[in-house]
Structure formats: structure tokens, C-alpha cells
Asker: 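Pasting a structure here, questions to come.
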Amino acid sequence: RKEVEQDPGPFNVPEGATVAFNCTYSNSASQSFFWYRQDCRKEPKLLMSVYSSGNEDGRFTAQLNRASQYISLLIRDSKLSDSATYLCVVSTSGNTPLVFGKGTRLSVIA
Amino acid sequence: EPEVTQTPSHQVTQMGQEVILRCVPISNHLYFYWYRQILGQKVEFLVSFYNNEISEKSEIFDDQFSVERPDGSNFTLKIRSTKLEDSAMYFCASSGTGTYTFGSGTRLTVV
């Protein structure tokens with residue numbers, strides 16, 4: 001199974017900051033792309049799916065560049081509650097096993 | 001909101017013992033998965049299950065592992081003879097139309 005690589009962390013940012021996470025994937029057959037959030041010792045939870053046209057959900061914006069096999073997540077106006085590990089996840093199609101990156105830890109500081 | 005339920009939340013077992021981890025997937029989902037996460041490492045795929053059989057498995061899923069769907073609701077992962085390196089969080093997940101839902105996990109500690 002091919003890999004998903006993410007920025008090494010941790011990222012320590014003040015409240016209100018904008019923070020960007022980057023991810024690359026090696027399997028060119030990947031078709032589905034996600035950002036998950038994982039709190040300490042909890043299960044991964046879907047933050048957002050990532051579409052080719054880019055998509056936004058409130059303070060979160062995700063982008064996909066298929067040619068470069070690159071995915072990004074931008075968090076604007078960081079909140080303390082955004083502190084978590086952010087996982088870049090891909091799969092080759094719906095319902096096939098997910099391949100996880102190691103994650104990037106974010107700490108938002110007051 | 002439908003959820004995937006896992007039991008127990010924490011299991012401690014002696015090396016060499018068998019353990020069974022249990023999961024109740026979302027009722028209308030057809031695909032089931034087990035993943036594990038060793039402390040400080042990434043989430044790793046173990047096995048997927050569809051139509052009452054294994055559809056895919058990773059190199060981690062060797063002969064000491066097995067999965068079963070003994071009835072219409074439960075989905076189990078058995079580890080036959082546990083090793084120290086099996087200590088990890090084990091997550092069950094299910095999916096329907098490409099939407100995956102994870103259970104809260106079982107923390108397995110092998111001593």
C-alpha cells in the first residue's frame with residue numbers, strides 16, 4: 001500500500017492565526033480524499049472531504065491538486081478547540097480501505 | 001446520528017492469550033473494516049469485509065488474526081495468540097456509500 005506524507009508537526013499557533021497543512025500521496029489511482037481530525041486517544045472523525053474544485057466549510061478550506069498529488073487544509077481564525085491531530089486520508093474509490101498519513105498535531109494557544 | 005459501537009473500551013491480556021474485539025457497525029452499512037493504531041504511529045488498515053467474506057487484508061493481518069460476522073449485527077476481530085507488539089488501539093469502521101464511520105476504539109494492552 002502506497003504512502004501518504006504530511007508535514008511533520010507540531011504546529012503551535014496563537015488563537016486567531018491562520019494555519020495550513022500540506023499532504024502528498026503517492027498512489028496516482030487515489031480517487032477519494034479526506035481530512036480527518038483525531039483528538040488524543042480518540043477515533044478519527046471526518047472533518048471534510050476534498051474535491052478537485054476545492055471546497056470550504058466555514059473556517060476550513062481544502063484543496064486538491066491531482067497533477068501534483070497534493071492536498072492542503074487551511075484553517076482560518078484558529079480556536080482553542082481546533083487543537084488536535086489532523087490526518088490526511090486517501091482511498092482509491094468509495095468503500096475501499098482508507099490510507100492514513102501520520103498526522104500533523106496542532107496546538108492553538110490562548 | 002448512527003454510530004459504530006465497540007466493546008470493550010479497554011482490554012488487558014497476557015501475552016499468548018486469545019482476545020476477541022467486538023464491533024456493531026451501522027445497520028445499513030455493507031462494508032466493515034478493522035484498523036489499528038500503535039501509540040504515536042499512524043492509523044493502519046488491517047482488513048475489510050464485505051458480503052460475509054474478507055475483501056482485502058494488509059500484510060499486518062497474518063494467520064494470528066481472524067474476523068467474523070457471527071450474526072446480523074456483530075463484527076469481531078480475534079487475535080489468537082497475542083504478542084506484546086499487538087498492544088494498540090483497534091478501530092472498527094463501517095461504510096455505506098463511501099461515508100466511513102469509526103467506532104471509539106478498543107485499547108488493547110498485552111502484558
Side-chain angles (χ1 to χ4, degrees), chain A residues 1-10 21-27 29-52 55 57 62 64 71 84-107, chain B residues 1-7 9-10 21 23-26 28-51 54-61 67 87-109:
Chain A
R1 184 169 303 280
K2 298 187 181 178
E3 296 296 320
V4 175
E5 300 290 335
Q6 293 187 242
D7 280 345
F21 300 126
N22 302 312
C23 168
T24 57
Y25 60 94
S26 59
N27 186 353
S30 299
Q31 295 293 327
S32 300
F33 309 91
F34 311 94
W35 284 100
Y36 276 73
R37 169 196 170 124
Q38 187 175 32
D39 293 288
C40 189
R41 300 196 173 192
K42 301 286 189 182
E43 75 273 24
K45 290 189 176 176
L46 180 66
L47 180 65
M48 57 197 304
S49 300
V50 187
Y51 304 114
S52 294
N55 48 300
D57 182 2
L64 168 65
I71 307 164
T85 297
Y86 290 82
L87 308 175
C88 179
V89 184
V90 306
S91 71
T92 52
S93 64
N95 299 313
T96 56
L98 300 174
V99 181
F100 286 79
K102 195 172 178 184
T104 303
R105 182 170 174 81
L106 172 67
S107 292
Chain B
E1 186 177 326
E3 57 181 33
V4 174
T5 305
Q6 289 188 243
T7 55
S9 57
H10 190 188
L21 311 183
C23 170
V24 179
I26 292 174
N28 62 349
H29 282 180
L30 300 178
Y31 298 83
F32 314 118
Y33 312 84
W34 284 101
Y35 292 83
R36 80 170 185 192
Q37 186 175 31
I38 296 170
L39 187 64
Q41 299 189 23
K42 65 182 178 182
V43 177
E44 300 175 290
F45 166 71
L46 292 178
V47 64
S48 59
F49 195 85
Y50 171 72
N51 200 25
I54 291 174
S55 51
E56 192 170 343
K57 60 183 181 180
S58 72
E59 57 275 10
I60 302 169
F61 193 86
V67 289
S87 295
M89 281 290 287
Y90 287 81
F91 294 109
C92 174
S94 67
S95 69
T97 54
T99 301
Y100 301 80
T101 302
F102 283 81
S104 57
T106 294
R107 177 174 307 282
L108 176 65
T109 303

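Just the heavy atoms: all of them, side chains too, but no hydrogens, waters or symmetry mates, feed the values below.
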Asker: Which heavy atom in B/Cys23 sits nearest to a heavy atom in B/Pro25, and how many Å separate them?
Answerer: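 It is O-CD, 3.6 Å.
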Asker: Let me have the donor-acceptor pairs involving side chains of residues 39-48 of chain B, under 3.5 Å, with sequence neighbours excluded, atom names and distances please.
Answerer:
from: B/Lys42; atom 1: NZ; to: A/Glu3; atom 2: OE1; distance (Å): 2.5
from: B/Glu44; atom 1: OE1; to: B/Arg36; atom 2: NE; distance (Å): 3.2
from: B/Ser48; atom 1: OG; to: B/Ser55; atom 2: OG; distance (Å): 2.8
from: B/Ser48; atom 1: OG; to: B/Glu56; atom 2: N; distance (Å): 3.2
from: B/Ser48; atom 1: OG; to: B/Glu56; atom 2: O; distance (Å): 3.4

Asker: Heavy-atom distance under 4.5 Å to chain A: side chain of B/Phe102, backbone, both or neither?
Answerer: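 For B/Phe102, backbone and side chain are both near chain A.
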Asker: Heavy-atom distances under 4.5 Å only: say whether A/Ser91 touches chain B with side chain, backbone, both or neither.
Answerer: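 Just the side chain, heavy atoms under 4.5 Å.
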Asker: Taking the ring of A/Tyr25 and the ring of A/Phe33, is the distance between their centroids below 6.0 Å?
Answerer: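 Centroid distance A/Phe33-A/Tyr25: below 6.0 Å, so yes.
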Asker: With a 4.5 angstrom heavy-atom cut-off, is it the side chain or the backbone of B/Tyr100 that approaches chain A, or both, or neither?
Answerer: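 Interface part for B/Tyr100: both.
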Asker: Heavy atom to heavy atom, less than 4.5 Å: which residues from residues 34-42 of chain A reach chain B?
Answerer: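 Counting heavy atoms that sit under 4.5 Å from chain B, the residues of residues 34-42 of chain A involved are A/Phe34, A/Tyr36, A/Gln38, A/Arg41, A/Lys42.
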Asker: Could you check which of B/His29, B/Gln37, B/Gln6, B/Met89 has the highest count of heavy-atom pairs closer than 4.5 Å to chain A?
Answerer: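 Of the candidates given, the most pairs with chain A belong to B/Gln37.
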Asker: In sequence, state the C-alpha distance, the side-chain angles, and the governing distance for A/Thr104 and A/Asp7, and then conclude on side chain to side chain donor-acceptor pair (under 3.5 Å).
Answerer: CA-CA 6 Å; A/Thr104 303; A/Asp7 280 345; 5.5 Å; no
Asker: Should the ring pair A/Phe100 and B/Tyr35 be called parallel, tilted or perpendicular, given that the plane angle runs from 0 to 90° and is split at 30 and 60?
Answerer: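 Aromatic pair A/Phe100/B/Tyr35 classed perpendicular.
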Asker: Hey, which of A/Ser32, A/Pro44, A/Ser93, A/Gly103 has the most heavy atom pairs under 4.5 Å with chain B?
Answerer: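 Among A/Ser32, A/Pro44, A/Ser93, A/Gly103, the one with the most close pairs to chain B is A/Pro44.
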Asker: Quick one: closest heavy-atom pair of B/Ser94 and B/Val4, and the distance?
Answerer: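 Answer, listing the atom of B/Ser94 first, then B/Val4: OG-CG2, 3.6 Å.
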Asker: Let me see the working for A/Val90 and A/Leu98 under side chain to side chain contact (heavy atoms under 4.5 Å, CB included), right down to the final yes or no.
Answerer: CA-CA 6 Å; A/Val90 306; A/Leu98 300 174; over 6 Å; no
Asker: Please report the closest heavy-atom contact between A/Ile71 and A/Leu64, naming both atoms and the distance.
Answerer: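 What the structure gives for the nearest pair is CG1-CD1, 3.9 Å.
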